[in-house]
Trainee: 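Dropping a structure here in structure tokens format, bear with me for questions.
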2 protein chains.
Amino acid sequence: MSRLAAAPTVHDVAQLAGVSAGTVSKALNGRGQLREETRKRVQVAAEQLGFRANRLAKGLIEGRTYTVGVLTSDSFGRFTMPLMNGIEDSLGAGSVSTLLCDSRGDPLRERHYLAELLGRRVDGIFVTGRRADPRPSLGPLPVPVVYAMSRSEDPLDLSIVYDDVQGAGLATSHLLAVGRKRIAYVSGPARHLSTRLRQEGTERTLLAAGLSLPPARVLLGEWSESWGRSAAHLLLGSAERVDGIVCGSDQIARGVADELREAGVDVPGEVSLVGFDNWDVMVEASRPQLTTVEPNLKKLGQLAANRLLHAIDGGELGSGLVLLPCDLVLRQSSMPSGP
Amino acid sequence: MSRLAAAPTVHDVAQLAGVSAGTVSKALNGRGQLREETRKRVQVAAEQLGFRANRLAKGLIEGRTYTVGVLTSDSFGRFTMPLMNGIEDSLGAGSVSTLLCDSRGDPLRERHYLAELLGRRVDGIFVTGRRADPRPSLGPLPVPVVYAMSRSEDPLDLSIVYDDVQGAGLATSHLLAVGRKRIAYVSGPARHLSTRLRQEGTERTLLAAGLSLPPARVLLGEWSESWGRSAAHLLLGSAERVDGIVCGSDQIARGVADELREAGVDVPGEVSLVGFDNWDVMVEASRPQLTTVEPNLKKLGQLAANRLLHAIDGGELGSGLVLLPCDLVLRQSSMPSGP
DNA sequence: GTAACACCGGAAATCGATTTCCTGATTTTC
DNA sequence: GAAAATCAGGAAATCGATTTCCGGTGTTAC
């Protein structure tokens with residue numbers, strides 16, 4: 001790759017066009033009163049030199065940088081990706097760029113990155129992470145902060161998350177709707193908030209329908225296929241047969257599906273299965289393909305970005321916890337009568 | 001979240017400390033000759049106001065921003081993640097931040113982001129993407145560019161990629177080493193460079209061992225488990241039985257493993273299997289767990305970042321294609337005599 | 001023919017941090 | 001005690017783009 005000379009400045013353009021630096025700025029930004037001929041001449045000169053206004057200088061004057069920071073604790077994992085996409089959707093329109101910082105769960109590193117972002121005078125900050133559990137607040141900052149797919153411990157912060165309870169409720173309602181009555185819940189570690197919330201959603205929905213979720217039908221372990229297989233094995237071994245399973249993740253659901261199939265249990269004929277996350281790789285490779293809860297992370301990102309942009313433009317940011325509803329995506333694993 | 005007042009400047013600190021702005025700068029940066037008492041006084045004042053130097057102003061003077069851009073065509077997918085981690089490892093030390101831009105494979109969007117990055121006067125740019133196939137060069141730019149995990153069509157650009165041929169060679173050698181002789185290659189679409197390179201690596205290694213890779217043992221389809229299952233089914237139906245399979249991805253390998261197991265073929269007893277990518281989710285959930293090729297993406301990111309930093313500091317960037325060797329990770333799927 | 005006015009475009013200030021230059025003040029040296 | 005050297009810190013220029021203010025030219029009106 002050949003290197004070009006240093007980037008040209010307004011002065012270079014001014015010289016070439018035979019005008020002053022101020023005039024260049026006016027010509028290129030459609031401000032001031034200039035003859036059409038002059039404007040054209042400047043534009044041609046700018047084009048010729050490949051001139052591009054230095055955003056730093058602009059930012060210094062304007063007092064804003066059109067840059068936001070994203071602080072994540074999740075090495076850009078699978079959940080952060082769709083979120084980032086949503087954020088970019090909303091920011092891109094205003095040509096706001098994102099500085100990505102991955103603290104990898106280390107509070108020290110996070111503080112360092114925060115200082116870095118503030119030094120760069122970002123217009124706002126997103127905080128996100130892999131875990132849904134409440135995290136310490138960054139505290140009061142000179143710029144607006146939105147916690148997306150992540151909750152701040154401080155209720156004065158604005159946290160936007162998807163609704164685990166409602167999502168699990170959707171899954172459960174669906175199982176009830178296809179005629180299932182003895183529902184089990186197989187999920188991740190009990191210490192994870194997501195696990196508990198999704199259990200709550202499942203349980204509440206069952207209670208509302210006059211059914212229950214007895215402890216024997218709650219199996220908590222890890223977020224892995226291997227645990228899904230073990231849990232399914234346990235369920236098969238118990239006296240009472242279940243006919244529907246709400247899984248805490250698609251990975252778990254797939255493990256359950258594999259184990260049931262290999263044990264000769266028909267899914268969805270005998271047992272209906274619902275996953276959580278709508279992770280394409282799992283959902284599509286599973287046999288049968290998984291009905292699952294879609295957490296709408298992209299939409300969450302868009303919403304978070306819109307709220308942040310609004311606050312950057314001087315609007316009210318708001319505070320508290322905002323819950324975004326999940327959707328249900330229907331596939332074969334849950335529907336005994338076919339999709 | 002409560003909002004703090006606008007960020008304090010050197011002048012605010014200067015006023016509080018009863019000195020001039022220039023003195024504040026000197027005191028905080030350890031430059032100039034100041035009495036220790038004065039230096040201390042300024043530091044206290046800065047601390048009190050929570051002063052943090054505006055990087056924009058600094059960048060304007062220094063002529064560099066300590067910011068690099070990452071242009072990706074891969075919505076921050078699974079391959080970009082470990083790469084980014086490696087990049088951050090190397091950049092973090094120099095407190096260089098990354099502006100992440102996702103063109104989503106759209107050339108128009110890419111041009112827009114490139115203009116944005118140049119306007120922000122980034123010190124350098126990484127270009128990366130999901131596909132290994134050669135991509136158009138960004139052309140000569142005022143800043144150094146490294147194509148990482150992605151090849152530029154222009155040999156004057158510096159492209160750093162992992163070595164598909166060598167990686168597949170490793171896999172094949174390993175199969176030979178455990179006594180396999182009739183090797184098949186199951187992989188993704190033929191139009192993908194990766195598919196062809198990995199085939200080449202497999203074939204070359206076989207030829208070097210006096211064996212061959214007949215067309216009947218090359219099955220190209222998609223990068224999915226489902227294709228892996230289909231391909232395994234095809235292999236089972238053919239007259240001649242294979243005893244080793246090099247798979248173009250872990251997803252494919254897992255599909256193959258599932259199909260073989262369900263057909264009653266013992267893996268690794270009768271057939272040895274090697275995947276590619278070392279994608280934890282696939283590798284660990286597979287039964288048996290997959291021996292696979294590790295493309296060392298994190299290391300690739302570190303190397304790319306070091307090369308870029310060196311060029312930013314005025315060193316030579318270099319050009320051409322740099323191939324980074326892959327490693328082999330041994331697990332059960334390939335070893336008939338146990339690991 | 002002169003006053004009033006619109007019209008162009010340049011000079012200079014601005015943003016915030018840094019750095020060079022320079023001026024007093026203090027100390028050292030013979 | 002005078003000259004020289006050292007020290008401390010302020011004033012101003014600098015980076016690049018923008019914007020305000022203002023002066024000069026050309027045009028219109030009476």
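Chain naming here is simple, since letters A, B, ... match the order of the sequence lines and numbering starts at 1 in each.
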Trainee: When you check the phosphate oxygens OP1 and OP2 of D:dG9, does a side-chain N or O of B:Arg35 lie under 4.0 Å from one of them?
Mentor: yes
Trainee: Does B:Lys40 pair with B:Glu36 as a salt bridge, N-O distance under 4.0 Å?
Mentor: no
Trainee: Could you pull out all donor-acceptor pairs under 3.5 Å where a side-chain atom in residues 81-95 of chain A meets a protein atom, sequence neighbours excluded?
Mentor:
{"from": "A:Asn85", "atom 1": "OD1", "to": "B:Arg104", "atom 2": "NE", "distance (Å)": "3.3"}
{"from": "A:Asn85", "atom 1": "OD1", "to": "B:Arg104", "atom 2": "NH2", "distance (Å)": "3.3"}
{"from": "A:Asn85", "atom 1": "ND2", "to": "A:Met81", "atom 2": "O", "distance (Å)": "3.0"}
{"from": "A:Glu88", "atom 1": "OE1", "to": "B:Tyr113", "atom 2": "OH", "distance (Å)": "3.4"}
{"from": "A:Asp89", "atom 1": "OD1", "to": "B:Arg104", "atom 2": "NH1", "distance (Å)": "2.9"}
{"from": "A:Asp89", "atom 1": "OD1", "to": "B:Arg104", "atom 2": "NH2", "distance (Å)": "3.1"}
{"from": "A:Asp89", "atom 1": "OD2", "to": "A:Gln302", "atom 2": "NE2", "distance (Å)": "2.9"}
{"from": "A:Ser90", "atom 1": "OG", "to": "A:Gln302", "atom 2": "O", "distance (Å)": "3.2"}
{"from": "A:Ser90", "atom 1": "OG", "to": "A:Asn306", "atom 2": "OD1", "distance (Å)": "3.2"}

Trainee: Check whether the side chains of A:Thr67 and B:Arg120 place a donor and an acceptor atom closer than 3.5 Å, and report yes or no.
Mentor: yes
Trainee: Ion pair present between A:Arg111 and A:Glu116, side-chain N to carboxylate O less than 4.0 angstrom?
Mentor: no
Trainee: Say whether B:Asp102 and B:Thr72, considering side chains only, have a donor N or O and an acceptor N or O under 3.5 Å apart.
Mentor: no
Trainee: Does A:Arg64 make a cation-pi contact with A:Tyr66, if we ask for NZ or CZ under 6.0 Å from the ring centre and within 45° of the axis?
Mentor: yes
Trainee: What is the distance, to the nearest angstrom, from the CG atom on B:Asp12 to the P atom on C:dC15?
Mentor: 12 Å
Trainee: If I take atom CG in residue B:Leu118 and atom C1' in nucleotide D:dG16, what distance separates them, rounded to the nearest angstrom?
Mentor: 16 Å
Trainee: How many Å lie between NZ on A:Lys40 and C1' on C:dC8, as a whole number?
Mentor: 19 Å
Trainee: When the distance from CZ of B:Arg64 to P of D:dG16 is rounded to whole Å, what number comes out?
Mentor: 16 Å
Trainee: What is the distance, rounded to the nearest whole Å, between atom CD of A:Gln33 and atom P of D:dC22?
Mentor: 16 Å
Trainee: Please state how far atom CZ in A:Arg39 lies from atom P in C:dC7, giving the value in whole angstrom units.
Mentor: 13 Å
Trainee: Would you tabulate the nitrogen or oxygen pairs shorter than 3.5 Å linking the protein to nucleotides 17-21 of chain C?
Mentor:
{"from": "C:dA17", "atom 1": "OP1", "to": "B:Asn54", "atom 2": "N", "distance (Å)": "3.3"}
{"from": "C:dA17", "atom 1": "OP2", "to": "B:Val10", "atom 2": "N", "distance (Å)": "2.4"}
{"from": "C:dT18", "atom 1": "OP1", "to": "B:Asn29", "atom 2": "ND2", "distance (Å)": "3.4"}
{"from": "C:dT18", "atom 1": "OP1", "to": "B:Lys58", "atom 2": "NZ", "distance (Å)": "3.4"}
{"from": "C:dT18", "atom 1": "OP2", "to": "B:Ser25", "atom 2": "OG", "distance (Å)": "3.1"}
{"from": "C:dT18", "atom 1": "OP2", "to": "B:Asn29", "atom 2": "ND2", "distance (Å)": "3.2"}
{"from": "C:dT18", "atom 1": "O5'", "to": "B:Ser25", "atom 2": "OG", "distance (Å)": "3.4"}
{"from": "C:dT19", "atom 1": "OP2", "to": "B:Arg31", "atom 2": "NE", "distance (Å)": "2.9"}
{"from": "C:dT20", "atom 1": "O4", "to": "B:Lys26", "atom 2": "NZ", "distance (Å)": "3.4"}

